[in-house]
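A quick write-up on the structure given underneath.
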Amino acid sequence: MNFAERLLAWHATHGRHDLPWQVHDPYRVWLSEIMLQQTQVTTVIPYYARFLARFPDVAALASAPLDDVLALWSGLGYYSRARNLHAAAVMVMERFGGAFPADPALLAELPGIGRSTAAAIAAFSFSVRSPILDGNVKRVLARWAGIDGFTGEKAIESRLWQLAQTLLPANAEDMPAYTQAQMDLGATVCTPRKPACLACPVAEDCVARLTGRQHELPTPKPRKPLPQRHTVMLLIRDAEHRLLLERRAPTGIWGGLWCLPEVDSTLTAETTALAQLGLTLQTEPALPDFVHVFTHFRLTVTPLPARAVGIGPLRDTDRLRWFTRAEALSAGIPTPLRRLLA
DNA sequence: AATGCGGGGTA
DNA sequence: TACCCAGCATT
């Protein structure tokens, strides 16, 4: 049996068959694929259920306010995914009349859908013969073919795409199961740490296993030490103990989410707030620092409580808004703020 | 080609 | 702590 045939046979008995998005509905497949970008299955499942209940089809999503989408995405991270999801839903309605195209090249024109996600949607929904190349597949193929070098590097990645294309099953109707089989093999057998080679359907001709290099491949990403950053976040309360939140710019960290106003220093907080927010503050002693780690830097946050005195009506209510604690918790806010409020 | 972009699970 | 996860967009 060739590579694809062995994966298909393995998947029939050992694959995952009960995931909630394993349906031939491009909307649900698309939604799950976006949520699963750089995010593990167990994390996605509850978000997927809530999202689908609120937005049962692409028309419902396209006509919803972005704030509602971000609120349901809150805590899942990579918020550009939520903004792109909403924009793509609008495009599917306007350009394709609400029906997702089957062609991966067309799917990849939608925001948030790259080559791998487009192939996954096309394979699961329409049985199109197009290869995926996610973290699982990169690891499986790098080991099986004995490919050295960081898989994020251009030359390595292009070899892997080429290989993935040649290994596709002959029959298009096998594409949904084959695509799922690759993901399942990477997630449950060919795992990053302790690969279960004894349970692997392609172990007999796996170069990494035959040469004892399962634990060396794929070549890990070269790491640099995380830069340190510091910020002061203002916990501004009004007379009714409501909290002032500021909508962040649409791009960058926590884009579009509601967050605490930030200043550079506790010493200049009052003057900075007056200049930037138009509020006169009485600051209180800072709360203990906490650390939030991102992929690319480490952020130390000093929470600084303050009372707003002599407030006039806030003029820019699209950017600045007073929230009760309950309102803040149900809005689109980043995880550190959710933790701080809890 | 390199960087920005979250958050959680895991050993 | 460090690595990894159903990657994509931007520069």
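The analysis underlying the following values was restricted to heavy atoms, covering all of them including side chains, and did not include hydrogens, waters or symmetry mates. Throughout, protein chains are lettered first and strands after them, A, B, ... in sequence-line order, and every chain is numbered starting at 1.
Looking at residues 7-30 of chain A, you'll see A:Arg16, A:Leu19, A:Trp21 sit with a heavy atom under 4.0 Å from some atom of DNA chain C.
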- Task: Dump the intermediate steps for side-chain contact (heavy atoms from CB on, under 4.5 Å) on A:Asp184 and A:His11, then the final yes or no.
- Result: CA-CA 8 Å; A:Asp184 292 352; A:His11 174 255; 3.5 Å; yes
- ring pair (Phe, Tyr, Trp, His ring centres under 6.0 Å) evaluation trace for A:Trp144 with A:Phe3: CA-CA 10 Å; A:Trp144 182 74; A:Phe3 183 91; 4.7 Å; yes
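As judged by a 4.0 angstrom heavy-atom cut-off over every strand, A:Val44 is placed among residues making no nucleic acid contact. Across all strands shown, A:Gln180 has heavy atoms under 4.0 Å from base atoms, whether or not it also approaches the sugar-phosphate. Among the protein residues, A:Leu133 comes within range of no part of the nucleic acid, since none of its heavy atoms lies under 4.0 Å from any strand.
Annotation: side chain of A:Arg83 is not in contact with side chain of A:Pro111 (no heavy-atom distance under 4.5 Å). Inter-residue side-chain proximity for A:Leu287 and A:Leu235 is flagged as met; some heavy-atom pair is nearer than 4.5 Å.
Closest approach to the A:Phe297 side chain among C:dA6, C:dC5, B:dC5 is made by B:dC5 (side chain taken as heavy atoms from C-beta onward).
A side-chain donor-acceptor contact under 3.5 Å links A:His24 to the backbone of A:Phe124. With hydrogens and angles disregarded, no donor-acceptor distance shorter than 3.5 Å links the side chain of A:His292 to the backbone of A:Arg298.
In this structure, CZ of A:Arg139 is placed 9 Å from C1' of C:dC5, rounded to the nearest angstrom. Here C:dC4 presents its P atom at 19 Å from CE of A:Met183, a figure rounded to the nearest Å. Between the CD atom of A:Glu157 and the C1' atom of C:dG7 there is a distance of 9 Å, rounded to whole Å. One can place CG of A:Leu299 at 14 Å from C1' of B:dC5, the figure rounded to the nearest angstrom. Between the CG atom of A:Leu85 and the C1' atom of C:dG7 there is a distance of 14 Å, rounded to whole Å. In this structure, the CZ atom of A:Phe150 is 13 Å from the P atom of B:dA1, given to the nearest Å. The separation between A:Arg83 atom CZ and B:dC5 atom C1' is 9 Å, rounded to whole Å. Here the P atom of nucleotide B:dC5 and the CZ atom of A:Arg229 are 7 Å apart, to the nearest Å.
Positionally, the nearest nucleotide of DNA chain C for A:Arg298 lies more toward the 5' end than for the other of A:Arg298 and A:Arg115.
Here the separation of C:dC8 from B:dG8, taken at their P atoms, is 22 Å to the nearest Å. With both ends at atom P, the span from C:dA6 to B:dT10 equals 12 Å, rounded to whole Å.
Paired with A:Trp30 under the rule ring pair (Phe, Tyr, Trp, His ring centres under 6.0 Å), one option of A:Phe51, A:Phe55, A:Phe100, A:Tyr48 passes, and it is A:Phe100.
By the neighbour-count criterion of 12 heavy atoms within 6.0 Å, atom CG of A:Asp264 is sparsely surrounded, having that number or fewer from other residues, nucleotides or ligands. The number of heavy-atom neighbours closer than 6.0 Å to CD of A:Gln162, taken from other residues, nucleotides and ligands shown, is 12 or below. Within a 6.0 Å radius of CZ in A:Arg129, more than 12 heavy atoms belonging to other residues, nucleotides or ligands are found.
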- Query: For every nucleotide of nucleotides 6-11 of chain B, 5' to 3': is a protein heavy atom under 4.0 Å from its base (B), only from its sugar-phosphate (S), or from neither (-)?
  - Reply: BBBS--
